[in-house]
Amino acid sequence: MCGIIGYIGNSDATPVLIDGLKKLEYRGYDSSGVGVIDSTKDRIIVRKSSGKISNLENLIRTKPVGKSSIGISHTRWATHGAPTTVNAHPHLDGSGKIVIVHNGIIENYETLKTALKKQGHTFKSDTDTEIVSHLIEKYYKGNLRAAVGRAVRDLEGAFALGVISTHEPDKLIAARIGSPLIIGLGKKENFIASDVPAILDKTRKIIYLKDGEMAEITKDKVDVFNFAGKKVNAKVHTITFNIDAVKKQGYPHFMMKEMHEQADVIQKMIKARIGKTGIALDGIGLTQKQLSSFKKIIILACGTAYHAGMVGKYVIEKLAKIPVSVDAASEFRYRDPIVDRKTLVIAISQSGETADTLAGVREAKRRGARVITICNVVGSSIVRESDGVLYTHAGPEISVASTKAYTAQIAMLYLLAFKLAGPAKKEIKKLISEFKKVPALYKDILKNKAEIARVAKKNSHFGCFLFLGRNVNYPSALEGALKLKEISYIPAEGYAAGEMKHGPIALIDEYRAVVCVAVKSDVYEKMISNIQEIRARKGKIIAIATKGDKEIDKHVNYVIHVPKTSDLLTPLVVALPLQLFAYYVAVKLGCDVDQPRNLAKSVTVE
Ligand code: M6R
């Protein structure tokens, strides 16, 4: 949540900062700002604006900051204080000589603010962040790194900080606990950023700052320390992914690009993980025997990843006969869960930074569970705290609405289920061979996207949607509804179709649209009965049905066809048309598809 980028070097800082901010805008976009030290090295210039980064750019065009070789900047997702200009980062200290950007939440900020006020400090904003600049001011005794190191000891909560000061105008200080922060190593220039894409066109040499570490950065040198001031040997990583992965490559939105990438993501996974001798899940660090010794599995995740986990429950229970429960990570740690050494906990997270999931992982470990994570972002916080990892390698997902990460998570759960069940079994072998066809099925669905667009546009005027599914496609209905509501702002609820008669049916009349996942399966006939119930109440029905199913046409208003696959694999196949449907509705309504209001890509606050 929130994006940070900082620069020190020989180039002009502001264009580098603005360019980097644009690549981090997916992390939050309700206000933004830059703070630079001007060429006299005597003055900090701050520009801030509410709204998108384009507003900040316009402001800087009309009120230029001049050339500078050091600066920090921030794009915000508001937690403490409304998304106004005054609450935007960076925040100056009382003297105007220190300026900071922050990602995270300072939980004890009120206590600290009260104490600082008593000591004569005055504050301009409602943010938790501003107290940090005042604390650094308080502790500054001629060494900026020492002052930051002292200040962070007073803080409770999560933070990634970037700090510059006219006291020491050739230094950039970074520190982190709980919120991601990387250092990019350039030639005669260095960077800090919340995520790799912000600096990928500048350098591929990265240091991942760890929790409890801080860095003193000049244009020629990066030194990493722990908060006690002891120097730390930091590992330099080389980023291998292509810069095109973080560009739209001609697609109108990242979401569209990422939906198109799903076939390749699954194909790569098949190539890497399904071998002649079985399923390769090396990252989990467990033998087949150890894996089979767990008495139960608990899946922890949030949002879309939670829906992937629900698919995993159906699939693992069906194939491997191990009881699986799925917890919204935000609930897990507060409900006194029954977890022990015989429990395998699987955390699922695209970003690997979701605070609720991270807290759940910590709680599970505290209770003795073995924790593995299904994650997309290499080296992320959740991965680092887990005992094992299964990387989905879906490539950077920039659109706030998760698409390729979701299908990659589901695909990984299928592989895990195959492994747990024993891939040599006839039934599993058959499923694996069907699974291998999924990339080709995605290509077929994409050929039909004009038809999905037509159905979406025809139905985009509805003020409320229900999404219904049964059995393994109940999570598909939940995910279809989440996708639609998050990018189009149309109220949409997902239900197990059998639950409709217990309440949601009251909503149905000619003004409601119901999307029914009605692919051919064991529960097809039951789904048709539910469709009849909707029809009898004049609801408009859009069915996701299996290609060749003529029967369904009689019962529904619109049909979106998907290719046939095994019953159990259908969530993988129906995901794509549901994503496309949400996308086309949102486009028709003129919504900001990649950056829906109020949301941010990774939610690093509880
Ligand atoms: O990075 P994570 O997978 O942990 O994120 C979890 C949710 O915040 C995320 O899936 C969210 O629900 C997406 N916006 C859904 O499209």
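Counting starts at 1 for both ligands and their atoms, in listed order. Note: hydrogens, waters and symmetry copies are ignored here, and every other heavy atom, side chains too, is used.
Nearest heavy atom pair, residue Val455 against residue Tyr558, reads CG1-CB, 3.7 Å.
The pair Asp387-Lys365 meets the salt-bridge criterion, with a side-chain N (NZ, NE, NH1 or NH2) lying under 4.0 Å from an Asp/Glu carboxylate O.
With sequence neighbours excluded, the residues satisfying side-chain hydrogen bond (donor to acceptor under 3.5 Å, both in side chains) with Glu317 are Lys313.
Side-chain N or O atoms of Ser194 include one that pairs as donor or acceptor with a backbone N or O of Ile4 at under 3.5 Å. For the pair Asn376 (side chain) and Ala394 (backbone), a donor-acceptor distance under 3.5 Å is present.
For ligand 1, residues of the protein lying within 4.0 angstrom by heavy-atom distance are Cys302, Gly303, Thr304, Ala305, Ser349, Gln350, Ser351, Thr354, Val400, Ala401, Ser402, Lys483, Glu486.
Because its NZ or CZ atom is both nearer than 6.0 Å to the ring centre of Tyr29 and within 45° of the ring axis, Lys52 counts as a cation-pi partner of that residue.
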